[in-house]
Amino acid sequence: MKVRDIEFGLSYSDVLLIPRRSSIDSRKVVDTNTTIANGIDLHVPLISANMDTVTEAAMAIAMAREGGLGVIHRFMTIEGQTAEVQKVKRSEAYIIENPYRITKDVTVGEARNLMEREAVSGLLVVDGSNKLLGILSDRDIRFAKNEKAPVSKAMTPRSKLTVGKPEISIDEAIETVDRHKLEKLPLVDRNNVVHGLITSKDLYRRRMSGRSAMDRKGHLLVGAAIGVKGDFIQRAVSLSDAGTDIIVLDIAHGHADSVISAIRKVKKELPDMPLVAGNVATAQAVGDLAGAGADSVKVGIGPGAACTTRRVTGAGMPQLTAVIDCSEAAKEYGVSTIADGGMKESGDITKALAAGADAIMSGSLFAGTDESPGFFVRRNGTKYKAYRGMSSFGANISRKKLDNAVVDPQDAFDIVPEGVESSVPYKGSMKEVVYQLMGGVRSGMSYCGASNLAQLRKDAKFIRLTHSAAVESYEKLPQY
Ligand code: XMP
């Protein structure tokens, strides 16, 4: 080895983006849409980390509502993780897959009670084979005197109903509901069997909120993590059955034979499932993981706020260099990159995106919110929430407990942690956090004259900072 052969690496705080002439007059017009893999289209390039103090269902729901993505962590049983995915998938949809149904001999009184109890304004009337016979709305029975009459006397019969196909898109549904001025659109197949229901109220809410990251059926997008050992294929299949939109195959050192073989196995079992693999930090690693079938590669060895990998092992790669090198290689292989960890503020996100990442993943930026798992603790009058590295001592102990190992924490000498257990101050709701972060990113893009992320990646230029330039950038008046 020669000293002159040692390469040079940069971190986010070693550079700034050079301001350029801009024709953007409002940051609102800046487009932050991004695609991670086929069908995984996000409105904001933010992904919450698959860590047990960051992403379970509540966080994933909040992320998707704001246009990003949450990746449910894997440090729980397969059943537990599957249930978290189901919670996200069931939380919102423009199609009600299991609408309330009654048969035609149910009485008006019984139907009224059901509508009141379940707080719905209509019921589908079906026969014993789940074929549609009509719709009963609360208006149909509002002034009905005979509580004992069958609903068949009050319902709107099938012959007078407009229906849709089960695979109707949200745009077609809006068009049909608007054209016929419908309150409810039952979805039936060729045999008139009920597959779902769309209400104009749900469609309106969706259209107005506009920014959610959704699948084709209008459910929120969600990701879920797996490892490379033991029952990981069984876990992947269970998560896929529950409707996860993307799987993240995630281990600390992703440029490993075990990861390459695991990618091949997952792709063989679930060929259509978008797959992210990582973590890596070099162009060669991107080539190897993409070659094995990964659709996206997660970049970051040791930059994370709760990581001690670089100190414990001596290995790692300055994150800006890693993102630039990996994203350059990713273009060649036709895969996307996710810059994972090490971003302390919104400016670092802009830098990661300008360096070539298609999206960023963070733990510490999203921990400490209303939606992150865990309890608040109060110290000296300030509220905090736990945040820990997934290779920390505590996370290792939790994992052993999950495997039903008998562990005496005082005697767990075999653990060599590569992360810390810490806490972060309370930040409020994810909505506010994402608003602030994306406000910064949009403004950063307009400083670069970029109206979308592709333009940012193409045109952005970095300048390296001297020590005094770094002092000038970062040492400011204290905040009160
Ligand atoms: P931030 O900086 O956003 O980083 O908090 C989140 C990322 O850190 C990684 N991670 C770890 N890295 N030891 C590590 O070396 C750990 O214990 C650890 N836990 C999480 C992970 O990639 C995450 O997304």
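Computed from a predicted model, the values in this text were never measured in an experiment. Just so it is clear, the values below take in all heavy atoms, side chains as well, and ignore hydrogens, waters and symmetry mates. Counting convention: from 1, in listed order, for ligands and their atoms alike.
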Heavy atom of the protein closest to [atom] (residue, atom name, distance):
atom	value
atom 5 (O) of ligand 1	Tyr387 OH, 2.5 Å
atom 17 (O) of ligand 1	Ser391 N, 2.7 Å
atom 13 (N) of ligand 1	Glu418 O, 2.6 Å
atom 18 (C) of ligand 1	Met390 N, 3.5 Å
atom 22 (O) of ligand 1	Asp340 OD2, 2.4 Å
atom 15 (O) of ligand 1	Thr309 OG1, 2.4 Å
atom 9 (C) of ligand 1	Cys307 SG, 3.8 Å

Is it the side chain (CB and beyond), the backbone, both or neither of [X] that lies under 4.0 Å from ligand 1, heavy atoms counted?
X	answer
Ser392	backbone
Met51	side chain
Asn279	side chain

Exercise. Is ligand 1 less than 4.0 angstrom away from at least one heavy atom of Gly342?
Worked result: yes
Got a second to check how far [X]'s [atom1] is from [Y]'s [atom2], nearest 0.5 Å?
X	Y	atom1	atom2	value
Ser240	Met273	OG	CE	3.5 Å
Arg90	Leu220	CZ	CG	14.0 Å
Asn33	Asn452	CG	CG	9.5 Å

Exercise. Residues in salt bridge (Lys or Arg N to Asp or Glu O under 4.0 Å) with Lys87, at least two apart?
Worked result: Glu84
Exercise. Taking NZ, NE, NH1 and NH2 as the nitrogens, is one of them in Asp370 or Lys385 under 4.0 Å from a carboxylate oxygen of the other?
Worked result: no
Problem set entry | Under-4.0 Å salt bridge between Asp250 and Arg74 | no
Exercise. Looking at Ser364, which atoms of ligand 1 are within less than 4.0 Å of one of its heavy atoms?
Worked result: 1 (P), 2 (O), 3 (O), 5 (O)
Problem set entry | Side chain Arg310, main chain Ile301, donor-acceptor under 3.5 Å | yes
Problem set entry | From CA spacing to verdict: side chain to side chain contact (heavy atoms under 4.5 Å, CB included), Ile415, Lys400 | CA-CA 10 Å; Ile415 295 172; Lys400 282 174 188 275; 3.8 Å; yes
